[in-house]
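From a predicted model like this one, the values you see are computed outputs, not experimental measurements. Below, each value reflects all heavy atoms present in this structure, side chains not excepted, and no hydrogens, waters or symmetry copies.
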Amino acid sequence: PGEHQAIIDRKTWDAVQATLCTNAPTRRHRTNAKSPSLLTGILFDEDGDRITPSYCTKQGRRYCYYVSRNPDSRTGWRLPAKPIEDTVLDATIAFLTDKARIIACLVPVATPARRIEPILSRATELGRRLRAANQIEQRSMLLDLVDRIEVTQNRLRVVFHAGTLRKRLGAPDHGSKKTAPKSNALRIDLAISLKRRGIETKLIIGGKTSRTPDPALIKAVRSGATWFEELRTGIAASVGDLARRHAVHQGDVSHALPLAFLAPDIVEAILDGRHPVELTAVRLKRVRLPLAWPAQRRVLGLSDQ
């Protein structure tokens, strides 16, 4: 559990880990160089421990995560990287392009109107640049702007570097306490829920899962549609013939064929990643799927889409 006295101080350790993640030796496919972990060194769990990047490879596909020091504890997490990175980027850009929020957080009350407009323009431009930047540039900008990101059971908090942000936007330092912005204003709090699915955790914002398509779900739907079409057109003579042609078990074919009759809006929700977090490829193929589309939506938890 790492409870012994530290051999290396935490600051040095974190700096080395960040360097290893972003400046590792060139690989054959240059995966590390092109896809640095955006939040390395600034992502923390509710115990104050850093959540560090990790990955695994399955069937030639690389899956990236952020993992707590003890992911099996009550407050430990194994978070898919892209959803939380996209959420932090979107929240930061939304903050920079929110004129009312920038004025409330960074501009002292007595600031003349002629000095406010350039600050707002710089903030909007900074948000635009962050959106358009590549992943390496986005990481550099986030490290400059963000002090820390905290993940708890029901909240994602992004805390900004106040001084750096004022400097980047040309905002004046506040004078007296009467004219200063609120001390807790330079942070974003997002209401979230984190649902475990096996050893992985899904990030849900505002009651809906993040827009992250599930490759396994998409593959199941595609297989069902393709295999049914082969039966319909006579390319395959039977379920057994389909199984032999695609080198799969007959049971897999039987479970996938009903997916050819999914409602179009359900298929679109799966392709967009708007499906409920509990809807996995295994559950989709095992559920007794009704033919009526409204009944399908109720069974799969998509009736409110």
Side-chain angles (χ1 to χ4, degrees), residues 1-2 6-27 29-57 61-73 75-93 95-96 126-127 129-152 155-165 168 186-190 192 194 199-203 205 210 212:
I7 300 171
I8 301 172
D9 65 90
R10 171 59 68 177
K11 184 177 180 181
T12 302
W13 174 267
D14 290 335
V16 171
Q17 297 309 305
T19 300
L20 289 174
C21 287
T22 59
N23 196 31
T26 302
R27 308 297 182 188
H29 298 293
R30 298 187 60 81
T31 303
N32 289 8
K34 292 183 179 180
S35 303
S37 298
L38 287 183
L39 310 181
T40 301
I42 56 175
L43 187 62
F44 298 83
D45 62 24
E46 57 189 293
D47 289 334
D49 293 326
R50 277 186 169 87
I51 306 177
T52 55
S54 181
Y55 74 93
C56 67
T57 302
R61 182 183 177 93
R62 184 183 175 102
Y63 296 88
C64 298
Y65 300 90
Y66 288 99
V67 182
S68 297
R69 184 172 64 177
N70 183 8
D72 296 324
S73 71
T75 57
W77 298 108
R78 176 185 168 97
L79 300 166
K82 184 168 173 52
I84 195 166
E85 289 176 348
D86 288 347
T87 299
V88 170
L89 280 172
D90 289 344
T92 302
I93 293 167
F95 173 79
L96 291 170
L126 186 58
R129 286 175 49 206
L130 182 58
R131 175 72 72 191
N134 61 43
Q135 201 163 6
I136 295 175
E137 293 168 338
Q138 286 177 335
R139 170 164 168 78
S140 178
M141 294 173 73
L142 284 177
L143 290 178
D144 191 36
L145 297 173
V146 176
D147 179 34
R148 61 190 288 123
I149 300 154
E150 302 166 358
V151 181
T152 69
R155 185 195 69 203
L156 178 69
R157 171 172 288 176
V158 181
V159 183
F160 294 102
H161 286 298
T164 300
L165 197 52
R168 292 286 293 267
L186 282 175
R187 72 186 188 200
I188 302 169
D189 285 335
L190 298 175
I192 63 172
L194 297 164
I199 62 173
E200 185 178 299
T201 304
K202 276 286 189 178
L203 176 66
I205 304 171
S210 57
T212 306

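Put simply, OH on Tyr65 and OG1 on Thr52 are 14.5 Å apart, with the number rounded to the nearest 0.5 Å. Summarising the geometry, atom CZ belonging to Phe160 is positioned 9.0 Å from atom CG belonging to Leu142; distances are rounded to the nearest 0.5 Å. Atoms CZ and CZ, from Arg157 and Arg148 in turn, are 10.0 Å apart once rounded to the nearest 0.5 Å. Atom CD1 of Ile42 sits about 9.5 Å away from atom CG of Leu145, to the nearest 0.5 Å. Atom CG of Asp147 and atom OG1 of Thr164 lie 9.0 Å apart (nearest 0.5 Å). Rounded to the nearest 0.5 angstrom, Ile136 CD1 and Leu38 CG are separated by 10.0 Å.
Counting heavy atoms from C-beta outward, Glu85 and Leu39 have side chains that approach closer than 4.5 Å. Contact of the Val151 side chain with the Asp45 side chain is not registered, since no non-hydrogen atoms from C-beta on lie closer than 4.5 Å. No side-chain heavy atom of Ile84 sits less than 4.5 Å from a side-chain heavy atom of Ile51. Between Ser37 and Tyr55 the shortest side-chain heavy-atom distance does not fall below 4.5 Å. Ile188 places none of its side-chain heavy atoms less than 4.5 Å from the side chain of Val88.
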- Task: Decide yes or no on side chain to side chain contact (heavy atoms under 4.5 Å, CB included) for Leu165 and Phe95, but give the supporting numbers first.
- Result: CA-CA 12 Å; Leu165 197 52; Phe95 173 79; 3.7 Å; yes
- Please test Arg131 against Asp90 for side chain to side chain contact (heavy atoms under 4.5 Å, CB included), starting from the C-alpha separation and ending with a verdict. CA-CA 8 Å; Arg131 175 72 72 191; Asp90 289 344; 2.9 Å; yes
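Contact record, Val67 with Ser54: CG2-CB, 3.8 Å, taken as the closest heavy-atom pair. When all heavy atoms of Gly127 and Ile93 are compared, the pair lying nearest together is O-CG1, 3.8 Å.
In terms of modelled atom types and a separation under 3.5 Å, the side chain of Arg50 and the main chain of Gly41 share a donor-acceptor contact. Gln138 places a side-chain N or O within donor-acceptor distance of the main-chain N or O of Leu130, the cut-off being under 3.5 Å. Looking at Arg139, its side chain does come within 3.5 Å of a backbone N or O of Thr40 through a donor-acceptor pair.
In this view, Arg129 and Glu125, Leu126, Met141, Arg168 satisfy the side chain to side chain contact (heavy atoms under 4.5 Å, CB included) rule, not counting sequence neighbours.
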